Every structure is written in structure tokens, then in C-alpha cells.
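Remember, predicted model here, so these are calculated numbers, not experimental data. First the proteins, then the strands, lettered A, B, ... as listed; each starts at 1. Computation of the quantities below employed the complete heavy-atom set of this structure, encompassing side-chain atoms and omitting hydrogens, waters and symmetry-equivalent molecules.
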Number of protein chains: 2
Amino acid sequence: MTSLFSRMVDQPSAHAAVASPPGPGLPRRLSTEQILRAAEAVFAAHGYAGATMAAIAERAGLPKANLHYYFRSKEQLYRAVLEDILATWLADADHWIVPERDPAEALAGYIRVKMRLSRARADASRIFAGEMLGGAAHVRDFLSIELRAHVERLDDTFRHWIAAGRMRPLPGKHLMFCIWAMTQSYADFSVQMQAVLGRAGTLEEQDFEDATRMVLQLVLGAVAVDGGSAAGRRDTPPGHQGTARA
Amino acid sequence: MTSLFSRMVDQPSAHAAVASPPGPGLPRRLSTEQILRAAEAVFAAHGYAGATMAAIAERAGLPKANLHYYFRSKEQLYRAVLEDILATWLADADHWIVPERDPAEALAGYIRVKMRLSRARADASRIFAGEMLGGAAHVRDFLSIELRAHVERLDDTFRHWIAAGRMRPLPGKHLMFCIWAMTQSYADFSVQMQAVLGRAGTLEEQDFEDATRMVLQLVLGAVAVDGGSAAGRRDTPPGHQGTARA
DNA sequence: GTCTATATCTCGATAGAC
DNA sequence: GTCTATCGAGATATAGAC
């Protein structure tokens, strides 16, 4: 949450004002949380350029000037929102995809968590997607340092499984790209799916269950070392399902 | 290209000025093509709100006012770009995914075409993705009418194959969502992949080949009715590969 | 048809009262 | 710390000469 990312920011002290408040931190923390939540919604809906400070202020129920009191500029507010998102981004994969697990169990657990995230935090996913579309100017270093190392680690785990004959040989990085693409698209492209499936305002619980089953079938089918791919069908990996963030 | 889409526009006559030019159409057509190409690049890079008419004009090598001569407003120009994209969007699936083909051959052919499109027309894919992120305000009707019918048709073909025992039972619509997600993400999220794979400016030919193989393995493995999934591995469906647009 | 110059408006950011 | 009023940059769009 504080400074997890090597150099997400160009300017010296990103939001030090938020990290070390000079007075009693409580009201400050309340206001900033309020602003960040409003900003996440507005940035997700309109993108960085399309979002206006006025719209964020209105949604937060505050006058415009207060935003500039807590965040020096629009860009800094945007970066703060992005940090919030990225901070929680990598934990799940590192929790599930570890050499000790069975490959099918690990991937199934990860996919279920990611699908649940697409539903519960769709706005966060959309902001990240918009950032990628725009060339990722604000998170370049995060991608090529943190994320790259992260994927390298996952790929090592895949190689380990493959060498042990527990998983069919696959390009691990592209496997991750595909899993991300499928799971996140149920957040990023949900309008499209709603239209195609004839849903009114949002996708339904049933849709996410169907989607999860589809993704599981695709991934587990390709990963399974033989015909008997019984794992990950219905069972919950022992004692971890509840731990993962919703 | 002209008015393929039921009601993409709210205002009465979308760009009738382009459809029926009053003078010799050649210079007009040249300028509009020039503008549309520049607009596609700029809208893709900055989104609708982030793109400026000045930037589009500069890229097209024309003064700003000329854009407003050919297109009444920024929004109308954007819609024209979107129409251009959507017009070529649906043809491939209807070409490949037809009941007469073998399911594995059909899906393999379609996936290869979509992956090639992600490379050759990445900007178009990104504009569409941005439009989805923003709530699809400009293409709502296209999604819920044309695209919905399109997917319904594809789903019928899947049901046909499943009933004939040529394909494993799968939710056809979600299968299409997943195929789109995976193939298009190699255009929309290519910055992310470049960073993770350590590529300089763009993804390389080899990356797209690896990606295509990965997607094929995922989809064909889940679709194949038995263990012997020999189809779609390397061979080209007879006499159609060359027909598909690059 | 093409371009220069400009009107009009919106947004980010700040000054300064409270 | 909080808010009102406002400045100035930059955007869309147009007027009008050529």
C-alpha cells in the first residue's frame, strides 16, 4: 500500500501526504478513502482523460477543492488509485500457484479467485485495462519489474511441474496471459456479455458460474497429464478457499 | 460500411455527407480515408476523451478545420471509425464456424484468423475494447442486436455439433467469450506482454506463434470429443486459409 | 474545397475567506 | 481543514478569407 512499486512515480514523494498526516489521521483517512472509492468508479467508467475532478468530487460528496487538498493533482489521485489496485493484484497467484500443490488444484483455485475478483472489483479491473490500452505510461516500471518477476516465478513453478511429469508441456507465460484474459474479460467486457446474454443491468450469478466452469474446463483439460482430469472439478482445496479475498 | 448497423446513431443521418458526395468523389474519398486512418490510431492510443482533433489532424497532415468539414463533430468521426471496425468484425466467424466443417478445424481456423487480426489491426481491437470499458454507449444497439444474433447463430452450430456427438458439451456463448478474450488480449494488452516477455517495442512473430499454439491447445483440448485430437494442429483447412483477411 | 483566426466552453488548479 | 469564486490552459467548433 505504501511504496510497493519500484518507480511508479516520476515526482519525488508520491502521496507522502497520505502516508504521514500531520494531525489526527482519522478524518483525513476517512476523506481519502471516500475520494479514492469515488475516483475508482469514475476513472473506471470514463478513463483517465474522460474523468473529471468535478465528477469525482460530486460522487464523493465533497467540493472540488478538497480533492486538491488531499491529492496534489488529478494524476496523483489516479496513481493512488492504481497503487491500491496493483497492491492486491499479485497476492492471489503467489498464494495458489506454488510447487507444493497439485497443478490442477492450484490453477482451479486461482481461476476461481480471479473470476470472483472480476465480479467483486470490476472497476479495478477496468482501470487496469484502460491503463494497458493507453500504453501503460503510469505503470511501465511495475510491468517490467514487479510483474515480470512475478510471471517468471510462476513459469518456474510450471516448469517444475512439467519436469516432474505432473503437467503437460505448455508455455507457462502464455498460459497466464490466457487465464488473465479470460477471467478479466468478464469484468472489462461485461457490457458485451450482458448484451449477448440478454441480461438487464449486470451479469447474474449463474453467468459467472457458467463462465468459471468454461474457463476451468479449458485450462484443466489442456494441463492434465492424462485423460483422468478429476481434480478441480468441484472440490475445494483444503482450508484455503475461505482465505482468499473476495 | 454504409448503414450496416440498425441504430448505431442517435441523430438522424449519421454521415450522409460521406455516403453521397456532391462533387467528384475521389479527392473526398482520399481525404476521408486519410482522416479515418489517423483517427483510428489516435483514438486507439488515447481513447475517445483523450484524443484531440488537433492530434488527428496533425497525424493526417491536414489542418484542423478540414476534419470538421468532412465530419460534423468529433463524435461523428469516432462513430465512423467504429463502423469501419465493426463492419469487418463479424465476417470471419460466419466464414469459419459453420455446421458443415469439423469442429476442431472450424475453431482452429477462426482462432488463427483472430490472432492474425490482433497483430495486424491492433488499433481497431483497442478502440473496441475502450468502447466496452466505457459502457459501450456508442454501440449498445449493435451489441444487443447484431452481435447477439451473431452469437446465437454460432451457438446453434455448437449445439448441432454437440448433438451429433462431434463436440463435447460446452456452453457455446462462453466458449466464444473466452476465444475473443484470449485472442484480442494480444492486441489490447500487448504492452503488458511485451514487458513480461522482455520485448522492446512490439511483440515478435514468435510470440504470436506461441500464443496461437497455446490458445489452440486450450480450445481444441476442451472441444475434442475423444483423446485423439489430431485436427487443427498444423494443417490448413483446404482452400480457405488464403481467403481470410489478414 | 482549403485554410487561418477566433469564439466559446470545459476542466484542472489555486487564491483566499471562513 | 473546508469551501466559494475564479484564473488560465486547452479543447471543440465555426466564421470567413482565399
Colleague: To the nearest Å, give me how far apart CD (A:Q34) and P (D:dT2) are.
Modeller: 10 Å
Colleague: Can A:K173 and A:E152 be counted as an ion pair, charged N to O under 4.0 angstrom?
Modeller: yes
Colleague: Test A:Y70 against every option in A:I35, A:L62, A:L77, A:L36 by the side-chain contact (heavy atoms from CB on, under 4.5 Å) rule and name the one that passes.
Modeller: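 Only match with A:Y70 under side-chain contact (heavy atoms from CB on, under 4.5 Å): A:I35.
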Colleague: In whole angstroms, how far is the P atom of C:dC3 from the CD1 atom of B:I35?
Modeller: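 The answer, rounded to whole Å, is 10 Å.
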Colleague: Are the aromatic rings of A:F189 and B:W180 close, with centres under 6.0 Å apart?
Modeller: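 Not close enough - the centres of the two rings lie 6.0 Å or further apart.
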Colleague: Please produce a list of atom pairs where a protein N or O lies less than 3.5 Å from an N or O of nucleotides 9-12 of chain D.
Modeller:
| from | atom 1 | to | atom 2 | distance (Å) |
| --- | --- | --- | --- | --- |
| D:dT12 | OP1 | B:M53 | N | 3.1 |
| D:dT12 | OP2 | B:M53 | N | 3.1 |

Colleague: Provide, to the nearest angstrom, the distance between the NE2 atom belonging to A:H46 and the C1' atom belonging to C:dC11.
Modeller: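 The answer, rounded to whole Å, is 14 Å.
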Colleague: Of all the choices, D:dT4, D:dT2, C:dC3, which nucleotide is nearest to the side chain of A:Y70 once you look at every atom?
Modeller: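 Looking only at heavy atoms from C-beta outward on A:Y70, the closest nucleotide is D:dT2.
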Colleague: To the nearest Å, give me how far apart CD (B:Q76) and C1' (D:dA13) are.
Modeller: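 About 13 Å, once rounded to whole Å.
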Colleague: Could you check how far CG of A:L67 sits from P of C:dT14, rounded to whole Å?
Modeller: 13 Å
Colleague: Rounded to whole angstrom units, what separation is found between the CZ atom of B:R72 and the P atom of D:dT14?
Modeller: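 About 9 Å, once rounded to whole Å.
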Colleague: Between atom CG in B:N66 and atom C1' in C:dT2, what is the gap in whole Å?
Modeller: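 My rounded result for the distance is 5 Å.
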Colleague: Under 6.0 Å from the ring centre and within 45 degrees of the ring axis: does the NZ or CZ of A:K74 meet both conditions for the six-membered ring of A:Y48?
Modeller: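 The answer is yes; both the distance and angle limits are met.
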Colleague: As a quick check of understanding, evaluate side chain to side chain contact (heavy atoms under 4.5 Å, CB included) for B:V219 and B:Y110, giving each step before the final call.
Modeller: CA-CA 11 Å; B:V219 172; B:Y110 179 60; over 6 Å; no
Colleague: Under the salt bridge (Lys or Arg N to Asp or Glu O under 4.0 Å) rule, collect the residues that match up with A:D94, sequence neighbours excluded.
Modeller: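 For A:D94, the residues satisfying salt bridge (Lys or Arg N to Asp or Glu O under 4.0 Å) (neighbours in sequence not counted) are A:R153.
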Colleague: Could you state the CZ-P distance from A:F71 to C:dT14, rounded to the nearest angstrom?
Modeller: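 One finds 15 Å between P of C:dT14 and CZ of A:F71, rounded.
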